[in-house]
J.: 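One structure is given below, represented as structure tokens, and several questions about it will come after.
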Amino acid sequence: MSALIPALAAGAVVGLALGALGGGGGVLAVPALVYLLGFTPAAATTAALLVVTATSLTALYAHARAGDVRWRAGALLAAAGLPPAAAAGAAASRLPQPALTAAFAVVAASAAVAMLRPAPAATGPAAPQARPARAVRAAGAGAGLGALTGLLGVGGGFLAVPALVTVMGFEMRAAVGTGLVVVSANSLASLATRGTAAAGVDWAVVAPFAGAAILGAWDGRRLAAKVTGTLLQRAFAVVLLAVAALMLVDALT
């Protein structure tokens, strides 16, 4: 019972982030599972994948109903990320715990810095001669996102959304919805390589965490329509910087 309230509170925040920003759930779920709920870093990445998968699919449904998903672009990034996600997921359990914690801290800090920068303007549809180059860059971004998902238990939406804006020329709302395609696919691929690990998670904690996150994703979708994306991103970035600092200190001590 003592872990129920922290699990519900953390799950709600994770769901809000995914629903409102199209990403960020994993980079909050892992430290919450480690520092609030006592999971090891390896167990936390697996549990976070379960939470992020369920939540991102819920948020994707909400964005798809609103017409904010570009399925072809999402499929391109997701397909490029599936093999790296599966391979990295299989290798994650062999890494030392401090190395996983330090790597996660670096990723969280990088995401926070990217979110604090001014949002790039959408460039509109690509010219015909530019489309092949953009497709190659998008596939490369998708592969990198897949590797991050498999290794660290993050869906990669916090990197997929900026990539869709800058590389594919999407406006922010479409980038958020389409990024959830990538998050969902990468998370499912990584989970497929962690079958036994996923079966061994503490479901008494993970189930209420995931349930609160799913409900939070619906609220996050509504919040995104009322609050400016810049304000949401900056608030989330400040939280990420604090989380990154905490995890880096933990990894080095």
Side-chain angles (χ1 to χ4, degrees), residues 11-30 47-82 84-86 89 111 115 122 138-139 141-146 148-150 152-165 167-192 198 206-207 209-227 229 232-233 236:
V13 173
V14 167
L16 280 171
L18 268 169
L21 300 174
V27 292
L28 288 179
V30 171
L49 280 172
L50 291 165
V51 173
V52 169
T53 300
T55 311
S56 61
L57 287 171
T58 302
L60 175 60
Y61 174 72
H63 282 270
R65 287 186 62 186
D68 294 333
V69 179
R70 305 294 180 264
W71 294 102
R72 290 181 63 183
L76 172 63
L77 266 73
L82 291 179
M115 286 182 172
L145 295 174
L148 277 177
T149 301
L152 301 178
V154 298
F158 62 92
L159 296 175
V161 171
L164 286 164
V165 172
V167 177
M168 306 296 285
F170 284 15
E171 55 92 21
M172 184 58 69
R173 185 172 296 178
V176 169
T178 306
L180 287 165
V181 178
V182 182
V183 173
S184 301
N186 285 348
S187 300
L188 285 168
S190 184
L191 273 178
V206 173
F209 194 118
I214 289 171
L215 293 176
W218 287 100
D219 291 333
R221 174 68 185 85
R222 289 192 289 267
L223 180 65
K226 298 177 181 178
V227 181
L232 284 172
Q233 287 190 13
F236 183 67

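The first residue in the sequence is number 1, and the count goes up from there.
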J.: Side-chain donor-acceptor contacts of residues 54-61 below 3.5 Å, not counting sequence neighbours, with atom names and distances?
T.:
unit_1 : atom_1 : unit_2 : atom_2 : d
T55    : OG1    : V51    : O      : 2.7
S56    : OG     : V52    : O      : 2.7
S56    : OG     : T53    : O      : 3.2
S56    : OG     : S184   : OG     : 3.1
T58    : OG1    : A54    : O      : 3.0

J.: Quick one: pull up CG in L180 and CG in D68 and give me the separation to the nearest 0.5 Å.
T.: 10.0 Å
J.: If you take all heavy atoms of A47 and V206, which pair is closest and at what distance?
T.: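 Where A47 meets V206 most closely, the heavy atoms are CB-CG2, 3.8 Å.
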J.: Indicate the atoms forming the closest heavy-atom contact of V30 with A48, along with that distance.
T.: CG2-CB, 3.6 Å
J.: Enumerate the salt bridge (charged side-chain N to carboxylate O under 4.0 Å, His left out) contacts for residues 174-190, please, sequence neighbours excluded, ordered by first and then second residue.
T.: none
J.: If I compare all heavy atoms of A62 with all of W218, which pair ends up nearest, and what's the gap?
T.: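 Closest approach of A62 to W218, heavy atoms only: CB-CZ3, 3.6 Å.
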J.: Give me each pair satisfying side-chain hydrogen bond (donor to acceptor under 3.5 Å, both in side chains) with a member in residues 70-82, each pair once, sequence neighbours excluded.
T.: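 Listed once each, the pairs would be none.
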J.: Kindly compute the distance separating CG (L50) from CG (L191), expressed to the nearest 0.5 Å.
T.: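 Here the rounded value is 5.0 Å.
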J.: Could you tell me which residues satisfy side chain to side chain contact (heavy atoms under 4.5 Å, CB included) with A207, sequence neighbours excluded, listed by chain and number?
T.: none
J.: Ignoring hydrogens, what is the shortest heavy-atom contact between G177 and V69? Give both atom names and the distance.
T.: O-CG2, 3.7 Å
